[in-house]
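Here is the structure we will look at, set down as structure tokens.
Order of the sequence lines sets the chain letters (A, B, ...), proteins ahead of strands, with each chain counted from 1. As the structure is a computational prediction, the values presented were derived from the model and not from experiment.
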Protein chains: 2
Amino acid sequence: MTAKAPGAGSPAGSRPEEPSEQKSTRERILDIALELFTEQGYDKTSLRQIAARLGFSKAAIYYHFASKEDILMELHLRLHEFGRGILANIDAGKMSLGLAAEILDQLVEQMMGHRALFVLFQRNQAALDELHRERHDGAHEDVEILFRRVLSSQQIPLRDRVRIACALGAVMGGVLFSGDVFSDVPAEDMRGMLQDAARALLAPEG
Amino acid sequence: MTAKAPGAGSPAGSRPEEPSEQKSTRERILDIALELFTEQGYDKTSLRQIAARLGFSKAAIYYHFASKEDILMELHLRLHEFGRGILANIDAGKMSLGLAAEILDQLVEQMMGHRALFVLFQRNQAALDELHRERHDGAHEDVEILFRRVLSSQQIPLRDRVRIACALGAVMGGVLFSGDVFSDVPAEDMRGMLQDAARALLAPEG
DNA sequence: GTCTATATAGGGATAGAC
DNA sequence: GTCTATCCCTATATAGAC
């Protein structure tokens, strides 16, 4: 809680893809971190490694981030950003198979567009959980939390709840595989097929 | 590679649920490890913690296991055991939506029956990957690897490949949620609904 | 803004007593 | 079969020079 750096106060103000400008050091740290955290896992990645890739020393990172966890937190906040548009639509009170299908349509789009971030947190759930445990500051309205609330709602028929859970799993699984076994398939085709799959699961009759 | 202990050579010989006998220390270590690894993550769990729960010191664990990784490996092997029956049925050469549905039926059954192990490795993929990287000894015919092979097969129509991937994601997601938001639902009901969902995704028309 | 040097802690693992 | 004591390494993080 000591370091104060250039872009420290504007997590949403820094765009991931700048036109032609060269990225700030802070941005580059985040990029490398995303890469290494995903490949090796958050815990097995040291600040030393991140610094080495960027050509400077470990200690320099502390100018830009107060702690290793802060790097993960910042990446986490970005994922939140992208989930923002979806949040408003999720309401356990008035949920239906049809509405779930619409939400999943958006979700697929967001996940496909920010696959790297999505994979990162899919592969580092343990680290994320700890983050949530320690810093439950801010009304932490997470997409995942809202989904859990929907899935727990007793106002929705059990079969529908299960179907929504499966549809969520289906699209998540699809996105995960899309960069791997389906890397040859155009993203748009993938997106369409995943959305179709979700709709198949959420059809009233099935 | 130093420690040789009582049950060291019989990973499959020790049953998880013994009638009324008290479990061996080795078995108890594995139980606690499964619990802590799942809750906190493999990397954030220290041998000290495991030992503390069992009432003895960290060093004592080294009598039963050669390393921390060995504990994870043993748990991994158990998961393999349960996947054995499924392995034989997976063949990229003659895969179809119908066959996939049958395989997923078995998979749901196995996953529901050994949910704890399944969740462990779902939440510690990074650690598992490293395990596979370092010790790729033995014909490591993993269910996951075989599934990837099927999903990559060019002999299967793309749409079917995606559908199978989604069905896999659907049942995995369902099983993951089953101990959480669906903890009140009887396992058998869950199993049936998940199998139905998989079939809905794998229907020729959808 | 990046460095060196250092403090401090905790981890995995070994040796050997009991 | 479990313990104590210890080694060695790497990690995060801090202080302060440039």
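- Under the 6.0 Å distance and 45° angle rule, K44(A) does not count as a cation-pi partner of Y42(B).
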Distances for protein N or O near nucleotides 8-11 of chain D N or O, under 3.5 Å:
residue	atom	partner	partner atom	Å
dA11(D)	OP2	R48(A)	NE	3.2

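- In this structure, OH of Y63(A) is placed 18 Å from P of dT4(C), rounded to the nearest angstrom.
- Minimum atom distance to the side chain of A59(A) is reached by dT14(D), of the listed dT14(D), dC3(D), dT2(C).
- Annotation: side chain of L202(B) is in contact with side chain of L104(B) (closest heavy-atom distance under 4.5 Å).
- Between F56(A) atom CZ and dA5(C) atom P there is a gap of 19 Å when expressed in whole angstrom units.
- In plain terms, the two heavy atoms of A92(A) and S153(A) that are nearest each other are O-OG, 4.1 Å.
- Rounded to whole angstrom, the span from the CD atom of Q40(B) across to the C1' atom of dG10(C) amounts to 15 Å.
- F177(B) and F182(B) have perpendicular rings, their planes meeting at more than 60° on a 0 to 90° scale where under 30° would count as parallel.
- In terms of phosphate contacts, S57(A) brings a side-chain nitrogen or oxygen within less than 4.0 Å of OP1 or OP2 of dC3(C).
- The distance between atom CZ of F65(A) and atom C1' of dT12(D), rounded to the nearest whole Å, is 16 Å.
- For the pair I71(A) CD1 and dA13(D) C1', the computed distance is 12 Å after rounding to whole Å.
- The interatomic distance linking D70(B) (CG) with dA13(C) (P) rounds to 9 Å, in whole Å.
- Nucleotide dT2(C) holds its P atom 9 Å from the CG atom of L54(A), rounded to whole Å.
- Side-chain contact between M193(A) and V185(A) is present, with at least one heavy-atom pair separated by less than 4.5 Å.
- Atom CD1 in I29(B) sits about 11 Å away from atom C1' in dT2(D), given to the nearest Å.
- Here the side chains of E188(B) and M112(B) are not in contact, with every heavy-atom distance at 4.5 Å or above.
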